[in-house]
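Okay, structure first, notes after.
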Amino acid sequence: MHRWSQLFIPTLREAPADAEVASHKFLVRAGYIRQLAAGIYSYLFMGQRTLLKIIDIVREEMNTIGQEFLLPALHPRELWEESGRWQVMGDTMFRLKDRKGADLCLGMTHEEVMTQIARKDLRSYKQLPQIWYQIQNKFRDEPRPKSGLIRVRQFTMKDSYSFDIDAAGLDVSYQKHDQVYRAIFDRCGLKYMTVEAHSGAMGGSQSQEFMVMSDAGEDMVASCGMCGYAANLEKASSQLPAAQDLPEDGAGPKEVHTPGMKTIEEVAKFLDVSPTQKIKTLALMQLEDDKKKPGEKKTRPVIVLLRGDHTLNEAKLTTALGGKEFRPMHEEEIQRVFGSPAGYLGPVKVPALSSAGEEIGSVTQRIILEALPLMLADTALKGRKNLVAGANKENYHLKNVTPLRDFHPTEWVDLRNAAAGEGCPNCGNPLVVGTAMEIGHIFKLGYKYSTSMGLSVLDKDGKETKPIMGCYGIGVERILTAAIEQNNDKDGFWLSQTIAPFDVVVTPTNVTDANLLRTAEEIALKLEKTGFDVLLDDRDERPGVKFKDADLVGIPYRINVGKKVTEGKVEVVTRSTRQTTDASIAAIEAQFSEIAQA
RNA sequence: CGGGGCGUAGCGCAGCCUGGUAGCGCACCUGCCUUGGGCGCAGGGGGUCACAGGUUCAAAUCCUGUCGCCCCGACCA
């Protein structure tokens, strides 16, 4: 039994001024955490106790499908050079040097180390499949840590990695994780949803995120209440109602004078057309490492065409560009490619790689083709007619612009952001867009690390084969923050009994009354014997102080030991509902067990 | 990295404009009192006013620089 009077639970009456979201305010006020630096927190008694309970659940469930490892947090540079990520990770990676001057980093994820182990000791297909996991600290020098424990620079992650002989095997490992993750989040008492996720720069592979809807989150999720479709906005698509085309006005593109009109809105209003009848032309520059000149970037113009009222989805564009970075064109680059200042850009008569599939003949020809701008048109423009676009001439726009007649995009791609109210891609029901917090992610990696780091085993036929990998993550602290975001009121928060630091706090209203204190101690001992985690609030404080603290600190039940003791009764209070039930002291084990689960 | 805000006692803040003994509430310690929703009374401890430099007889206050923290954006396997 823990006695509050002897514990360090530094509760605060007021939230720190710099806390914005509920979980941050309450974690500090309840004495769970204290800040050390931006995005770096100490976990105190109550916080650590809760996190350990979460970890117990994660471990128990993960042990049903995998084996627990513990990898180093400190990694040599060479390992990350092999996968190419020493460069890719940029400033997000914490880097340091040892006494000999050798470069090291703090692990932000562990694909490299896991693959290195697999590479050394996996020899045969007979050893597959394998699922290896660990629960460990991750270090990421985030550009902007924020919202208490929600985005931090050091945190606990359960990360697992699967190795399978083929894609069918990976499917099984992936499904196992899906099942286990659901079991974990269910047991932690979270309301969550799963969404299709952007697969990142590597493209193609399947990926699913576990999301908790919350304004404190950092992701946008589009979902359908009818058929259950849900996707991260980075990935979501939608059905659009047919847009009205303008009537043909003469033959072919026609210049119109639009003096000083630069924005879609201005031009649409001036010409009395809808933005849906306009083409939005974005001038971007793709960046790629120059193999001939290390450290320098090779550029290639990318022209993106969207319907006037749509916005570019950068994740989708990154995927379309095969994971390459991009940036907006500089003014002089726009002049060079379009021959016009920004504000009057359009696709007509701009030299770009056409989709007509030019035969790649001579070397010279290939070099020319590789230098041509890419023109990527959003699928919402497909089949449209008589649109308005910039004329690539200052103060002029073009009417009657029809795709495939007046310009030929390199490729048609889904590049736009889906928006609330648009039709679900599966069933057409209007989509809802909301804010969410990511608590887990399962991801089919494919052969990225097997290839870059040279992992192979012998198959049945004695032939070298690359195992296919998956990786799977859970943010341990995010389970706690999500739970608090979901379950709080003005006085504090309540956790599911499975993860709360204690099941119940026993509160004698006055410890100077020997009878009350003794009764409370007896109840606490009995409940502890029954299997509950019990906190006895034996502090010599007024009842109001103890009730306020009990409401604050996340414990799901409270037992008031007060004046009804003379009748042989105490009160059991459920924190979430504040429902109060009288229980008999003599039968407290049974009566409390009926309300809570032992 | 761009924009904004803030650094004064453990927490929340005032004082700064107009330079002159560093304050308030909560928390903390002692005593009395009180005991079902952050009691009351009395006494008390605690601060290099983020740091460095400058101006001045005198700097929390004015000037310059640096650092830290928060928010918005950019960024984010």
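Note that the structure is predicted; figures quoted are calculated from it, not measured. Protein chains get the first letters and strands the later ones, always in sequence-line order, with residue 1 at the start of each.
- Residue A:Thr109 has its side chain nearest to B:A77 when only B:A77, B:G36, B:C39 are considered.
- Ranking B:G38, B:G36, B:G37 by closeness to the A:Glu571 side chain, first place goes to B:G36.
- If you check every strand for non-hydrogen atoms under 4.0 Å, A:Pro328 touches nothing.
- Residues forming a side chain to side chain contact (heavy atoms under 4.5 Å, CB included) with A:Lys563 (at least two apart in sequence, or on another chain): none.
- Within 4.0 Å (heavy atoms only), A:Met93 reaches no atom of the nucleic acid at all.
- We find that CG of A:Asp491 is positioned 14 Å from P of B:G37, with the value rounded to whole Å.
- In summary, the aromatic rings of A:Phe155 and A:Tyr41 are positioned with their centroids too far apart to meet the 6.0 Å limit.
- Across all strands, A:Arg558 comes closer than 4.0 Å to base atoms (heavy-atom distances).
- A 3.5 Å limit on both hydrogen-bonding distances identifies B:U66 as the Watson-Crick or G-U partner of B:A50.
- In this structure, of B:C28, B:C71, B:G37, it is B:C28 that holds the atom nearest to the side chain of A:Glu541.
- Between the side chain of A:Asp549 and the base of B:G38 there is at least one donor-acceptor pair of N/O atoms closer than 3.5 Å.
- Taking the P atoms as reference points, B:C28 lies 43 Å from B:G65, given to the whole Å.
- For A:Arg144, no side-chain nitrogen or oxygen approaches OP1 or OP2 of B:A74 to under 4.0 Å.
- Annotation: of the two residues near RNA chain B, A:Asn560 and A:Lys138, the 5′-most nearest-nucleotide partner is A:Asn560.
- Partner assigned to B:U56 is none, using Watson-Crick or G-U wobble distances below 3.5 angstrom.
- Base contact: A:Lys563 has a heavy atom under 4.0 Å from a base atom.
- The partner of B:C33 cannot be assigned: no Watson-Crick or G-U wobble pair with both contacts below 3.5 Å exists in any strand.
- Listed pair A:Arg13 / B:A27 meets the phosphate criterion, a side-chain N or O lying under 4.0 Å from OP1 or OP2.
- Note on A:Glu111: nothing from the nucleic acid sits closer than 4.0 angstrom, heavy atoms only.
- Comparing atom distances between the A:Pro16 side chain and each of B:G12, B:G36, B:U35 picks out B:G12 as nearest.
- Mapping A:Arg153 and A:Arg29 onto RNA chain B via the closest heavy atom, the residue that lands nearer the 5' end is A:Arg29.
- Here B:G73 sits opposite B:C1 as a Watson-Crick or G-U wobble pair (both hydrogen-bonding atom distances under 3.5 Å).
- Which of B:C69, B:G37, B:C76 sits closest to the side chain of A:Ala37 comes down to B:C69.
- Here A:Ser147 lies in heavy-atom contact (under 4.0 Å) with sugar-phosphate atoms only.
- In this structure, A:Pro143 reaches the bases: a heavy-atom distance under 4.0 Å links it to at least one base atom across the strands shown.
- Aromatic rings of A:Phe210 and A:Phe185 (six-membered ring for Trp) have centroids within the 6.0 Å cut-off, being under it.
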